[in-house]
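Structure record follows, encoded as structure tokens.
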Amino acid sequence: MSIEMELKEVLKEAVQKAFDISLETSSIVIETPKNKSHGDYSSNVAMQLTRQLRQNPRVIAQAVMDAMRMDSMIEKVEMAGPGFLNFTLSKNRFTKVISEILENKDQYGQQKPNGIRVDLEYVSANPTGSLHLGHARGAAWGDSCARIMKKAGYDVTREYYVNDAGNQITNLALSLNARYRQAHGIETEIGQDGYLGQDIKEEGYALAKKYPQIYLEPNEKNLQFFREKGIEFELNKIKHDLDEFRVHFDVWTSEQKLRDSGAVEQALQTMKEQGYLYEEDGAVWFKTTELGDDKDRVLRKQDGSYTYLVPDIANHKQKYERGFDEIVNFFGADHHGYITRLKASMTALGKDAEKLHVDIIQMVRLVSNGEEMKMSKRLGNATTIHELCQSVGVDAARYFFVSRALDSHLDFDVELAQKKTNDNPVYYAQYAHARMCSIEKQAQDIPVADSYELLVDDKEIELMKSLQEFNKVIIESARTRQVHKVCHYIQDLATKFHSFYNSCKVINKENLELSSQRLALVKATQIVLANALDLIGVTAVESM
RNA sequence: GUCUGCGUAGCUCAGUUGGAUAGAGCGACCGCCUCCUAAGCGGUAGGUCGGAGGUUCGAAUCCUCUCGUGGACGCCA
């Protein structure tokens, strides 16, 4: 049992005994005080009970303390401030974590299956161009979130929804056809909605070489050829870039296949039966205003084609039918207004919209020399995920994207990410890991201890406390999908280690007993740091 | 105008279902390698938590209003 659970049990019993009140352990808050003089752990139960008991919190705290059973791990309990109970634990309680880590190794931190099936959809960029910075943030965040949730015991499916139908794809086909024609010396303009990227130009020319003179006219039959070639080309490029970025998916859902299967019409039919649709101006509308939206939305346009929302409704309907308990989407901030519509659709289909979570990814700005680089996918001059990997490396890129809360705008400082100095936080953590590996390498003739009673230095205790936090961080990060918490944990653990390193010499032939115990602590820290870095897809390097 | 983020130290940002004297990194200043990687460590300076009310034992955190700022408001995706 974790230290926190043990303390909660102790408090629960004491409150029961003192006031005959039965508390849920989940409602008891155990904190780690920032101020060292407040002990190792603290609780505010007394203050929480003030309203119910109508007594001074200090009086309540005293009564709880008097009723408390003195567990062997508790060295001291004190009442402080407005009514906090501060616990100081016996030093040997903290060493338990070392043996747990050494036993479980790379599986340490893995929580038992919690039976919750969750679907995470992220990136889902149209196959009409390379992935750029915004996608990269979504990719790094979504993938890390998947890793963390798996570690926390969730049954995770990683999903990419491919918009391989609709206008954008037709525009792509037209652009390819235009380049194809140009390759044949026929003067052709790229339409206003066309894609001007260099890659598409090259692919058009390549197709001209491979399939000469057959598909010149932009008629429907030929466009279908360019659609297929275009999607194949773009999707392969995307998969290649994601692979380089260490991002992989379990499921690639095709919009075209959803359409072909009749799932789209089926979803519309259900919504119609539920009375949410009506016709006006030759279009089919969805009464989203009845479900919290500020205006109704068109589903089928005057020209008979569907809006973007429609196949996506079918996409999400199927997620429900696939049996997920939680359905999560990571959307770019520019799709914000879309959430209400999507949730409304699920309600209209009789699904529980509460299961559908949409996390918004705030904008990324590329900053270099204090200057912002504007991005436009259509013009083809955006910084791609591949270029980013080339210039700053995958580790730094992934680290930067998950180091900030998702709802904060991110200024990605390319120069900082490129630095191989201590200005760059990713190196700080990797350096800590490399140091640990170096110690292990040099201490191969020293046995790793299995008892740790000599580890009583403040720096050692602080380090063990951080190790103890790992499980909590995983669970909390997964529950809230706040990936950056893992990043902060990594920084904290690295800091505690560097501090320990500077004041506690590990390898000391004069004191083999202490050396072998410290070596065990180093080994445990190295395992946890490597496991934590893996959660965000960053390499735990062994030497630098 | 409506919806939705953000506003915390000079800069970039954390802040544990509301908790004690608001934290970290960078930058500035002062120290530490005859010693396991100085890509490191220790220390100092720096904040009316945008502003005003309210809720309560207690507010950076919750509510209302307000100011600044980014984004979205399409029969595009």
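Everything quoted here is computed from the prediction, not taken from an experiment. Within every chain, numbering begins at 1; the chains are lettered A, B, ... in the order of the sequence lines, protein sequences first and strands thereafter.
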Base, sugar-phosphate, or nothing for [X], non-hydrogen atoms under 4.0 angstrom?
X	result
A:S305	nothing
A:A80	base
A:S503	nothing
A:A333	sugar-phosphate
A:C437	nothing
A:H498	sugar-phosphate
A:T307	sugar-phosphate
A:Q168	sugar-phosphate
A:N56	nothing
A:V522	nothing
A:N86	base

Choosing from [options], which nucleotide comes nearest the side chain of [X]?
X	options	value
A:R435	B:A38, B:C36, B:A77	B:A38
A:P33	B:A77, B:A20, B:A14	B:A20
A:W285	B:C36, B:C75, B:G19	B:C75
A:S438	B:G15, B:C36, B:A20	B:C36
A:K301	B:C41, B:A20, B:C75	B:C75
A:Y428	B:U12, B:G40, B:C75	B:G40
A:H484	B:U16, B:G15, B:A72	B:G15
A:R404	B:A77, B:C75, B:C13	B:C13
A:K295	B:A20, B:A14, B:G74	B:G74

Problem - Neighbour count >12 (heavy atoms, 6.0 Å) for atom NZ, A:K301 - result: yes
Return the pairing partner of [N] with a 3.5 Å limit on both distances, Watson-Crick or G-U wobble; otherwise return none.
N	result
B:U2	B:A72
B:A59	none
B:A20	none
B:G40	B:C32

Practice task
Answer syn or anti for B:C13, where the cut-off is 90° from 0 on the glycosidic torsion.
Solution key: anti
Problem - Quiz item: A:H335 side-chain donor-acceptor pair to B:A77 base, under 3.5 Å - result: yes
Could you list, one pair per line, each protein nitrogen or oxygen that sits under 3.5 Å from a nitrogen or oxygen of nucleotides 56-58 of chain B, together with the distance?
from: B:C57; atom 1: N4; to: A:M47; atom 2: O; distance (Å): 3.3

Check: [X]/[Y] side-chain N/O donor and acceptor closer than 3.5 Å:
X	Y	result
A:E326	A:H357	yes
A:Q442	A:S438	yes
A:T307	A:R297	no

Practice task
Would you check if A:F84 stacks with the base of B:A20, given a 5.5 Å centroid limit and a 30° plane limit, both strict?
Solution key: yes
Handout entry: Distance in angstrom units between A:Y338 OH and B:G71 P, rounded
Key = 22 Å
Practice task
Can you sort out the partners of A:T495 under side-chain hydrogen bond (donor to acceptor under 3.5 Å, both in side chains), two or more places apart, ordered by chain and number?
Solution key: A:Y428
Problem - Test log, rule side chain to side chain donor-acceptor pair (under 3.5 Å), inputs A:N511 and A:N508 - result: CA-CA 6 Å; A:N511 190 345; A:N508 178 4; over 6 Å; no
Exercise for the section: Treat primed atoms plus P, OP1 and OP2 as sugar-phosphate and everything else as base, then score nucleotides 2-11 of chain B 5' to 3': B for base contact with protein heavy atoms under 4.0 Å, S for sugar-phosphate contact only, - for none. Expected result: -SSBS-----
Exercise for the section: Report yes if a side-chain nitrogen or oxygen of A:N167 is closer than 4.0 Å to either non-bridging phosphate oxygen (OP1 or OP2) of B:A77; otherwise report no. Expected result: yes
Exercise for the section: May I ask you to check if A:R341 and A:F286 form a cation-pi contact, with NZ or CZ under 6.0 angstrom from the six-membered ring centre and within 45° of the axis? Expected result: no
